[in-house]
There are 2 protein chains.
Amino acid sequence: MGEDIEKTEKMTAALKKAGIRVTRQRIALLAVLADADDHPDAEELHQRAKVLEPSVSLATVYRTLSVLEHEGVVHRHAFEGGGARFETTHEAHHDHILDVDTGEVVEFQSDKIEQLQEEIARELGYEVVHHRLELYCRKKTKKL
Amino acid sequence: MGEDIEKTEKMTAALKKAGIRVTRQRIALLAVLADADDHPDAEELHQRAKVLEPSVSLATVYRTLSVLEHEGVVHRHAFEGGGARFETTHEAHHDHILDVDTGEVVEFQSDKIEQLQEEIARELGYEVVHHRLELYCRKKTKKL
DNA sequence: AACAAGAATGATAATGATTCTCAAAGATAG
DNA sequence: CTATCTTTGAGAATCATTATCATTCTTGTT
């Protein structure tokens, strides 16, 4: 509950920090983002935001998402197939499992994998700036 | 050396298997693919193929790549930024390190990471169909 | 060698996601 | 209240990719 308000505040702060105005349209988008616990694409966010504020255009959705992404409060994911999908940045870093049948997204985190990645990069003379780990999965058929 | 011929033969076989003809234009593309040890995009492959066979169109490059991908002899990668990049399928599965400064691609493989992925998926009730692991890296500055 | 039937081709149009443009509407400071 | 600067929505532009389609190639059959 208060979670959403907190998230919204963080995003509002990010907009102000970026020196851009917190308008009616952007407020609607922030509310939608704070409320979303899935990983919607821009079109979907636009639909949801229009319920709260009919005057939001898709252009503004994209514009605002870009700002929020730059400020680091929203993450953009380019999963396989279709356009980018977004989520508000939360505490811990995590990677994603994608259900290839339903498109559903599950988050997971593995320090071990993370460490191994660093190690591998180091051995090849690199340091990891960021990474992308996506597991395209299918629900296990129980005792088929 | 003979490696390229081998690769070319594998791809030729794949085209035949798919029931499509091995034309002049496609032969040029196969040669380019067999020769490439980097990860070129469609435009780049088109440029290279035109040297061998000026009549290759970009459309044919895309068409043929799709066939080869379906037959499993070519892999398509959607790295961050820009269009898809391709490589001929070789023996072992591998993942990629991308130099964020140069765009260069380095391949690596880690059974440990692979295992961990399976484990994590299993625990969440999934089985991995395929995955994507990309490390966006920067060359380590030696003793800066 | 001529031929009919089907496949492949190149040029170009179409698509889909995203960004850009720009005139009009809105906010802000004085 | 006004001059200035920002944001807006609508639609044009862009980029990678795919689809369309009339024409050209192949190929197997005489």
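In the text below, chain A, chain B and the rest are named by the order of the sequence lines, each starting its count at 1.
Distance, Ile27(A) CD1 to dT7(D) P: 13 Å, rounded to whole Å. Residue Leu15(B) contributes atom CG, which lies 10 Å from atom P of dT9(C) at whole-angstrom precision. Residue Leu29(B) contributes atom CG, which lies 14 Å from atom C1' of dA8(C) at whole-angstrom precision. Taking atom CD1 on Ile20(A) and atom P on dT28(C), their separation rounds to 13 Å, with Å as the unit. Remark: P of dA10(D) and NZ of Lys50(A) are 9 Å apart, rounded to the nearest angstrom. If you take NE2 of His77(B) and P of dA16(D), they are 19 Å apart, rounded to a whole angstrom. Here dT7(D) presents its P atom at 16 Å from CG of Leu65(A), a figure rounded to the nearest Å. One interatomic measurement links the two molecules: CD of Glu44(B) to C1' of dA16(D), which rounds to 16 Å at whole-angstrom precision.
Residues Val61(A) and Arg85(B) each lie close to DNA chain D; by heavy-atom proximity, the contact nearer the 5' end of the strand is made by Val61(A). If Gly83(A) and Thr60(B) are placed on DNA chain C by their nearest nucleotide, the residue sitting closer to the 5' end is Thr60(B).
Ion pairing of Glu134(A) with Arg132(B) is present here, as a side-chain N (NZ or NE/NH1/NH2) and a carboxylate O approach within less than 4.0 Å.
Looking at His130(B), its side chain never comes within 3.5 Å of a backbone N or O of Tyr136(A) through a donor-acceptor pair. Remark: the backbone N or O of Val22(A) is not paired with any side-chain donor or acceptor of Lys16(A) at under 3.5 angstrom. With hydrogens and angles disregarded, no donor-acceptor distance shorter than 3.5 Å links the side chain of Tyr126(A) to the backbone of Leu135(B).
In this model, a donor atom of one side chain and an acceptor atom of the other lie less than 3.5 Å apart for His131(B) and His93(B).
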Contact pattern, 5' to 3', of nucleotides 19-27 of chain C - B, S or - by protein heavy atom under 4.0 Å: BBB----BS
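Gln25(A) comes within 4.0 angstrom of sugar-phosphate atoms only, judged by non-hydrogen atoms across all strands, and of no base.
Residues Ile113(A) and Val105(A) do not share a hydrophobic cluster, defined by chaining ILVMFWY side chains whose heavy atoms lie under 4.5 Å apart.
For the salt bridge (Lys or Arg N to Asp or Glu O under 4.0 Å) test, no residue two or more places apart in sequence or in another chain qualifies with Glu107(B).
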